[in-house]
Amino acid sequence: MRWLTVKSQGSAIPTATQLLRLQYVGRMCLAIAIYLTTALKIRVAAPLDILVTSLLLVSAAVVTVVSYWHTHFRRRLPGPTFLYLQALFDVVLITAVVHMTGGADSDLASLYVLLIAVSAVLMPPANAGLVTLFAGLVYFADVFWGHSATVAPSVWVQLAVFVLVAMVTAYVASRVNVMGAEREALAAEVRQVQLETDDVLRNIRTGVLTVDADGRLLYANPAAEEILGFKAREWLGRVVMPEFARLAPEFWAAITSTARRGVRLMRVEATVHRPDRTFPIGVTTTTLDGPTGSRPRVSAIFQDISDSKRLEQLHLRAERLEAVAELSSSLAHEIKNPLASIRSSVEQLGKSSRANSDEKFLANLIVRESDRLSRLLSEFLDFSRVRVTECRPIDLHQVAAAAIRLVKQHPDCSPGVKISLEGTPTPMEGDEDLLHRVVSNLVLNAVQAAGARADVTVRTARAALHELPGGAGIDNPVSLRVIDNGPGIPEDLQRRLFEPFSTGRVGGTGLGLAIVQRAVEAHRGLVLVDSDAGKGTTFTIYFPAARRKEEAA
């Protein structure tokens, strides 16, 4: 186990590598100093002293070079054996120097204290205690046998200082290492949280960005780039507010208001104007404290709400159709019976022998118009009676095939019309009659809109959840698409496309798509329309593959 593992950055003590580097420098300085001191006194110094100091200098150089290569070039962490050998050599070196400079009277005996302190920092307390014991024994032996047979009280004091320094240094080093380990653990947790947060921000569909008080972009996640249509890397550190004012004026106003007044804004609606499309976003802004003494930053959280707005419009449309259906049902019943009586009476008057040719012509006209009104009232009743009466397992692909065969027999389907069916078997639970009317209405509308050269494609398949608008609430969806090559639907008509009597075709009643909408709603489905001028129209319907449990009960 490594004893000293605290990094030097922000730590109260240096790392093991840094301490060893200082130890190497101190060792060489000591060896060079004692050698030079002896060499300068060559006339009075004994040849043995010069030999000993030379050997010490060479040994110190060799040991230091090998140690430095091991710890700094090979970048190996010092183990217990390596540290023991370093301490052993330094004890021998210091003892030789102390012996040559007077033993107990030497001023260099304090070098033991430095060595013990460094060992206590580098090693665990038990190992540092062994080094202290070894240094004390060697120093005591040198004093006792190397210089005199008696030991002065100052020597015992020095030995006590050795032990005290070892204990204090070991305690302080252990506490610093414990605090350093705790701080490293906390830093690791913070880094992990930052990584997790960054991963979440990169993968969520909600845009998040932060600007400083001067409007410089500090952060933007990929969703923010995708929604606003700009590259964050091109704007980081630059003033980005003019770009926001161009892309989404209301979004710019919300951020500016929060920056100036410090007031958090909730659920502000803004419109993004991109070259490819225009859509609404929901924005929430808040302030974040910056560095001490600086003005607060502003963070904006926003998302594309076009799907939710579209679903809201669909729900409102369904509610309106339900109200119209109830009114239609009551009116149709009230009108149909008197109309039948009027038709019967006029028909009898027209057959009267006393009626002249003009009266017979007018009677026939009234009968024809009465029949037309009767058919219209029948459509009203069909519109009001759209209900799921028999829900059972069916194959939507086969239902579509049967509806296509019926449309091909319609008078409006000329020989040049092409209707193709694509997809695979698409099992679901539903009312076969209602679904048949949905497909036939949509295909017939497509044929009538595209004309004699109509090319209509019907496609059934299982749908992926990401295809649906957010919040659609359809589990295990299946899809039905009807695609034509017609002229497209005018934009003003698209807004009221499924309302009764809204039609762009001469002679149409405007009830066909209203019936489609109610039939889809009766199946808890969703119908979407995409139409471009000159590029055709696509009706996409999503159905749940199975009824909910509460509906099946």
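Values below: all heavy atoms of this structure, side chains included; hydrogens, waters and symmetry mates excluded.
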key: Test item: side-chain donor near acceptor, Y542 and R481, under 3.5 Å   = yes
key: CG-CD1 distance between L421 and I404, expressed to the nearest 0.5 angstrom   = 4.5 Å
request  = Evaluate the side-chain proximity of F302 to T206: yes if any heavy-atom separation is below 4.5 Å, no if none is.
outcome  = no
query = If you look at every heavy atom in V456 and A446, which pair is closest and at what distance?
reply = CG2-CB, 3.8 Å
message = Return the CD1 to CD distance between I204 and Q303, rounded to the nearest 0.5 Å.
response = 9.0 Å
query = Do other residues, nucleotides or ligands put more than 12 heavy atoms under 6.0 Å from the CZ atom of R274?
reply = yes
ask   = Around E269, counting heavy atoms of other residues, nucleotides and ligands shown, do more than 12 lie under 6.0 Å from its CD?
value = yes
ask   = Is the backbone N or O of D431 less than 3.5 Å from a side-chain atom of H523, with the two atoms forming a donor-acceptor pair by type?
value = yes
request  = Return the minimal non-hydrogen interatomic distance between G451 and V417, and the atom names on each side.
outcome  = O-CG2, 3.8 Å
query = Which heavy atom of G215 sits nearest a heavy atom of M241, and at what distance?
reply = CA-CG, 3.7 Å
query = Is a side-chain N or O of D214 found less than 3.5 angstrom from the main chain of R216, in a donor-acceptor match?
reply = no
inquiry  = Using the rule given for side-chain contact (heavy atoms from CB on, under 4.5 Å), can you reason through L209 versus L228, listing the C-alpha separation, both sets of side-chain angles and the distance that settles it, and then say yes or no?
reply    = CA-CA 11 Å; L209 61 82; L228 296 178; 3.9 Å; yes
message = Which heavy atom of T426 sits nearest to which heavy atom of H397, and what is that distance?
response = N-CB, 4.1 Å
ask   = Out of curiosity, T460 OG1 to L396 CG, how far, rounded to the nearest 0.5 Å?
value = 5.5 Å
query = Should V283 and I301 count as side-chain neighbours, where that means a heavy-atom distance under 4.5 Å?
reply = no
Minimum-distance pair of heavy atoms, taken over all atoms of A400 and V439 = CA-CG1, 3.9 Å
ask   = Is any side-chain heavy atom of V211 less than 4.5 Å from a side-chain heavy atom of V240?
value = yes
task = Any chance you could measure D433, atom CG, to L435, atom CG, to the nearest 0.5 Å?
result = 9.0 Å
ask   = Hey, is the main chain of T537 close enough, under 3.5 Å, to the side chain of D484 for a donor-acceptor pair?
value = yes
ask   = Can we say E225 and R233 salt-bridge, meaning some charged N sits less than 4.0 Å from an Asp/Glu carboxylate O?
value = no
ask   = Is it the case that more than 12 heavy atoms not belonging to R238 sit under 6.0 Å from its CZ atom?
value = yes
inquiry  = Given 3.5 Å as the limit, does a donor-acceptor pair link the side chain of T285 with the main chain of R264, or not?
reply    = no
ask   = Taking the side chain as C-beta and beyond, is there a heavy-atom pair between F251 and V272 under 4.5 Å?
value = no
Step-by-step side-chain contact (heavy atoms from CB on, under 4.5 Å) determination, N476 to F543 = CA-CA 9 Å; N476 192 19; F543 294 108; over 6 Å; no
message = Show, in sequence, the C-alpha distance, side-chain angles and deciding distance for I394 and V399, and conclude whether the side-chain contact (heavy atoms from CB on, under 4.5 Å) test is met.
response = CA-CA 8 Å; I394 59 172; V399 172; 4.1 Å; yes
query = Between T540 and T538, is a side-chain contact (heavy atoms from CB on, under 4.5 Å) present by the stated rule, with each step listed?
reply = CA-CA 6 Å; T540 303; T538 300; 3.7 Å; yes
request  = For residues L406 and V443, determine if any side-chain heavy atom of one lies less than 4.5 Å from a side-chain heavy atom of the other.
outcome  = no
ask   = Are the side chains of P222 and E226 in touch, meaning some heavy atoms are under 4.5 Å apart?
value = no
ask   = Under 3.5 Å, is there a donor-acceptor pair between the side chain of S257 and the main chain of A253?
value = no
request  = Supply the atom-to-atom distance T287 OG1 to R297 CZ, rounded to the nearest 0.5 angstrom.
outcome  = 12.0 Å
ask   = N221 side chain to G207 main-chain N or O, any donor-acceptor pair under 3.5 Å?
value = no
inquiry  = Nearest 0.5 Å, please: how far is CG in L288 from OG1 in T210?
reply    = 5.5 Å
ask   = Would you find a donor on one side and an acceptor on the other, under 3.5 Å apart, between the side chain of N485 and the backbone of G536?
value = no
query = Is there side-chain contact between R405 and S440, with heavy atoms separated by less than 4.5 Å?
reply = no
query = Any side-chain heavy atom of V529 sitting closer than 4.5 Å to one from I489?
reply = yes
key: Atom CZ of R277: over 12 foreign heavy atoms under 6.0 Å   = yes
key: Taking every non-hydrogen atom, the tightest pair across P487 and A449   = CD-O, 3.3 Å
